[in-house]
Trainee: 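Just dropping this structure here.
Note that the structure is a prediction, hence the values are computed from the model and not measured. Read the numbers this way: they start at 1 and go in the same order the structure lists the ligands and their atoms.
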Amino acid sequence: MSEPHVIIAGGGIGGLATALTLHQIGVPFTVFESVRELAPLGVGINIQPNAVRELGDLGIGPDQLDTVGIPAREWALVGLNGNDVYSEPRGLLAGYNWPQYAVHRGRMHMLLHRTLVERAGPDAVKLGHRVTGYEKNTDGTVTALIQRADGTSLREKATLLIAADGIHSAVRATMHPDQPPIHWGGAIMWRGTTLARPIRSGSSFVGLGTHRHRVVFYPISHPDPETGLAMINWIAEVTVDKAGGRNPTGWFRPVEIEEFAHHFDGWTYDWLDVPDLLRRSDVSYENPMIDRDPVSTWHDGPVVLMGDAAHAMYPTGSNGASQAIMDARHLGAAMLEHGVTQAALAAFDAKFCGPVSQLVLRNRGAGPFGLLNIVDERCGGTFDNIDDVVPPAERNEFMAKYKAAAGFAIDQLNHAPPTLAPGARVSMTVAA
Ligand SMILES: Cc1cc2nc3c(=O)[nH]c(=O)nc-3n(C[C@H](O)[C@H](O)[C@H](O)COP(=O)(O)OP(=O)(O)OC[C@H]3O[C@@H](n4cnc5c(N)ncnc54)[C@H](O)[C@@H]3O)c2cc1C
C-alpha cells in the first residue's frame, strides 16, 4: 500500500467518533457498517464531561448536543420509601469545565453520522457491509473479511483494522476464539421514553429502589416551552432467577408494558407516579443487562478492539458511550505519537486494556448503585434519616472511589491537557 489506510468495523457511536478523529488528524479511513440503513435507535445514554470535552474538540459543541439531549444537573439515589440516599450535582454544577449530557442515543448517533458525512463525504461509511473476521498478512497489513448485504463478499486490505463492532463483535471473536459467551447476571431492564414534566433540578438522574429492583429515570430533551413536558428516559429493572430460561443475548426486544409493569405496582409517591410513567410510554424494550468477561489484550498486530467490542459493560455507571468516545480519542493520540502503525495500537492497549477491564468488573458489582446495596444490607431499605444508616462521609467516599476509577475525577480532568493537540496531524508513515 502506498498510503496508510484504516478500516473501522462498525459505525456506532464508537466507530463514528473514531472516524471523526481520524479525519481530524488526517488519517485515511473507511467505516464498514453492517446495517443497510442507519436509524435513530435506542433510548437514553449519558455522555460524561470527559467525552463532552472530546466532542467539543471535534467541533461538536453544546449548541449541537442541545438538539439531541440536555445538560445533566443532578445524580440522585432514592430509597424505596421515597427518601433520599445520596445526591450530588453533575457536570458544570459539580465543578467540571464541561457539562455532562443526557442524550437520546439514536439522535446522538445520527448527529455523528451527519457530521462525518458532511466532513468526509458519503463514501466514508459503507452501509450493508458486515465485517466477519480478519487475516493478518506477512507484510504487516491486515485483510478484513466482509459480507455485503446482497450476499456477496469482499476482502479489503488495510494498514490497520479498528474493531468498533459492538458487544457481539466478530473481530473480537476472531481475535479471541475461545472467549466465553455473553455474561448475564440475571438483571432484566425494560427501557422506554415518556413525555412528562421533569422533577427535582429539572435535569436529574434518579435511581429509585434497591439494587435488585429499581427504576432509573432522567430527561433526555429540553422541556417544550409551551407544555413544560420533556422526553423522560426510564429504565425499570428487576433481577430474576437465571434458571427462568430467558435468552440473555437480545438487544432491545419490543415489549408491551403489561409484561413488566406489575413489578412496580404501588410505586407511587407524592412527587412521582412510576406506574403512570411506564403506562404512558411511547416505546418500551426488554434488554437483559449483559457484558463480557474481560480479555487479556485488545490488540493483535494490526488489529485492535475499542468501545463495546473491547469492554462491553453494565450501564450502571452510565459510561459505555463515553468510554467508546474516549477510546476513539486515545487511539487518535496514539497515532499522533506513533504514526499509523501497530505500535500505536500496542500503546493504546498497554495503557487502557487493564484499567478499563477493571471498570467492567467494577460495574458488574453494581457500580455506583452499590450504595443501595449497603442501605439494603443495613436496614432493608427502610429508614427515616439516611445519616443514621450510612454516614455522609462513607457515602461520599464510596462515590469518590467509583468516580476516580471511572475517570470522572474533576480536578484531574479540568487540568488535563487536550487529548489531541489542536491542529495536530499524523505523519504518514506506512506500517513497519
Ligand atoms: C441499536 C442499538 C441501540 C442501543 N441503545 C442503547 C440505549 O438505549 N442505552 C444504552 O445505554 N446503550 C445503548 N446501546 C449501546 C451503546 O450505544 C453502546 O454501549 C455505546 O455507545 C458504545 O458503542 P459502540 O460503538 O462501541 O457499540 P455499538 O453502539 O453497539 O455499535 C456497534 C455498531 O457496529 C455495527 N456492527 C455490529 N457488528 C458488525 C460487524 N460485524 N460489521 C460491521 N458492523 C457491525 C452495529 O450495527 C452498530 O452500528 C445501543 C446499541 C445499539 C447497537
Side-chain angles (χ1 to χ4, degrees), residues 7-20 30-48 51 69 102-110 112-113 125-134 144-149 153-154 156 161-174 182 189-193 205 216 218 220 231 233-235 237 250-254 283-292 298 304-328 331 356 360 363 367:
I7 288 180
I8 300 169
I13 288 176
L16 296 184
T18 305
L20 284 162
T30 309
V31 179
F32 290 97
E33 161 59 49
S34 59
V35 301
R36 281 171 190 257
E37 213 176 317
L38 291 182
L41 297 176
V43 282
I45 55 172
N46 272 272
I47 311 288
Q48 301 294 343
V103 303
H104 185 283
R105 188 250 175 213
R107 292 182 183 173
M108 173 78 204
H109 187 207
M110 293 298 106
L112 294 180
H113 183 244
V125 183
K126 299 213 178 297
L127 298 175
H129 285 69
R130 174 179 298 278
V131 176
T132 56
Y134 65 86
L145 312 178
I146 296 168
Q147 186 93 49
R148 292 196 192 92
S153 55
L154 178 71
E156 191 80 1
L161 167 63
I162 298 179
D165 51 345
I167 189 166
H168 300 292
S169 169
V171 177
R172 178 174 169 130
T174 307
I182 293 270
M189 297 178 291
W190 294 277
R191 298 185 189 231
T193 57
F205 174 110
V216 165
Y218 51 92
I220 53 171
M231 187 185 285
N233 175 72
W234 52 259
I235 304 162
E237 187 187 320
W251 257 113
F252 285 87
R253 179 175 75 88
V283 290
S284 62
Y285 304 101
E286 182 177 286
N287 181 199
M289 197 189 284
I290 50 179
D291 68 3
R292 280 202 180 273
W298 300 337
V304 77
L305 310 176
M306 59 94 61
D308 279 6
H311 46 65
M313 56 180 89
Y314 281 6
T316 43
S318 306
N319 48 9
S322 306
Q323 200 65 55
I325 293 168
M326 294 312 297
D327 287 353
L331 278 166
V356 178
V360 171
N363 275 3

Trainee: If you count the atoms of ligand 1 from 1 in the order shown, which ones are under 4.0 Å from a heavy atom of Ile13?
Mentor: 21 (O), 25 (O)
Trainee: Taking 4.0 Å as the limit for heavy-atom contacts, which would you say applies to Arg191 with ligand 1: side chain only, backbone only, both, or neither?
Mentor: side chain
Trainee: Compute the shortest N/O to N/O distance between Ala9 and ligand 1 and return yes if it is under 3.5 Å, no if not.
Mentor: no
Trainee: Tell me whether His109 contacts the main-chain N or O of Gly11 through its side chain, where contact means a donor paired with an acceptor under 3.5 Å.
Mentor: yes
Trainee: Keeping the roles fixed (side chain from Asp165, backbone from Ala170), state whether a donor-acceptor pair exists under 3.5 Å.
Mentor: yes
Trainee: What atoms in ligand 1 come closer than 4.0 Å to a heavy atom of Ala321?
Mentor: 20 (C), 21 (O)
Trainee: Considering the heavy atoms of Gly307, write down every atom of ligand 1 situated less than 4.0 Å from one of them.
Mentor: 26 (O)
Trainee: Please check: side-chain N/O of Arg292 versus main-chain N/O of Ala312, any donor-acceptor pairing under 3.5 Å?
Mentor: no
Trainee: Ligand 1 versus Arg130, non-hydrogen atoms closer than 4.0 Å: side chain, backbone, both, neither?
Mentor: both
Trainee: Where on Ile45 is there a heavy atom closer than 4.0 Å to ligand 1, on the side chain, on the backbone, on both, or on neither?
Mentor: side chain
Trainee: Do the rings of Phe205 and Tyr218 sit parallel, tilted or perpendicular, given the 30° and 60° boundaries?
Mentor: parallel
Trainee: Rounded to the nearest 0.5 Å, how far does CD1 of Ile8 lie from NZ of Lys126?
Mentor: 13.0 Å
Trainee: Among Gly133, Ala163, Gly12, which residue places a heavy atom closest to atom 33 (C) of ligand 1?
Mentor: Gly12
Trainee: May I ask you to list the atoms of ligand 1 that are less than 4.0 angstrom from any heavy atom of Gly14?
Mentor: 24 (P), 25 (O)
Trainee: Please check: side-chain N/O of Thr18 versus main-chain N/O of Gly14, any donor-acceptor pairing under 3.5 Å?
Mentor: yes
Trainee: Heavy atom of Gln323 under 4.0 Å from ligand 1?
Mentor: no
Trainee: Under 4.0 Å from a heavy atom of His129: give me the atoms of ligand 1 that qualify, with their elements.
Mentor: 43 (C)
Trainee: Short question: side chain of Arg148, backbone of Gly128 - any donor-acceptor pair under 3.5 Å?
Mentor: no
Trainee: Under 4.0 Å from any heavy atom of Val131, which atoms of ligand 1 are there?
Mentor: 40 (C), 41 (N), 42 (N), 43 (C)
Trainee: Would one find an N or O of Val35, backbone or side chain, under 3.5 Å from an N or O of ligand 1?
Mentor: no
Trainee: Is the shortest side-chain heavy-atom distance between Ile13 and Arg105 below 4.5 Å?
Mentor: yes
Trainee: Determine whether Arg191 and Ile235 satisfy the following criterion, side-chain contact (heavy atoms from CB on, under 4.5 Å), listing intermediate values before the conclusion.
Mentor: CA-CA 4 Å; Arg191 298 185 189 231; Ile235 304 162; 4.1 Å; yes
Trainee: Can you name the residues that form a side-chain hydrogen bond (donor to acceptor under 3.5 Å, both in side chains) with Arg107, not counting sequence neighbours?
Mentor: none
Trainee: Quick one: does His109 get an N or O within less than 3.5 Å of an N or O on ligand 1?
Mentor: no
Trainee: Just let me know how Ala164 lines up against ligand 1, side chain, backbone, both or neither, with a heavy-atom cut-off below 4.0 Å.
Mentor: backbone
Trainee: Does Gly44 have a non-hydrogen atom less than 4.0 Å from ligand 1?
Mentor: yes
Trainee: Of all residues at least two apart in sequence or in a different chain, which pass the side-chain hydrogen bond (donor to acceptor under 3.5 Å, both in side chains) check with His311?
Mentor: Asp327
Trainee: List ligand 1 atoms under 4.0 Å from Gly166, heavy atoms only on the residue side.
Mentor: 27 (O), 30 (O), 32 (C)
Trainee: Looking at Phe32, which atoms of ligand 1 are within less than 4.0 Å of one of its heavy atoms?
Mentor: 43 (C), 44 (N)
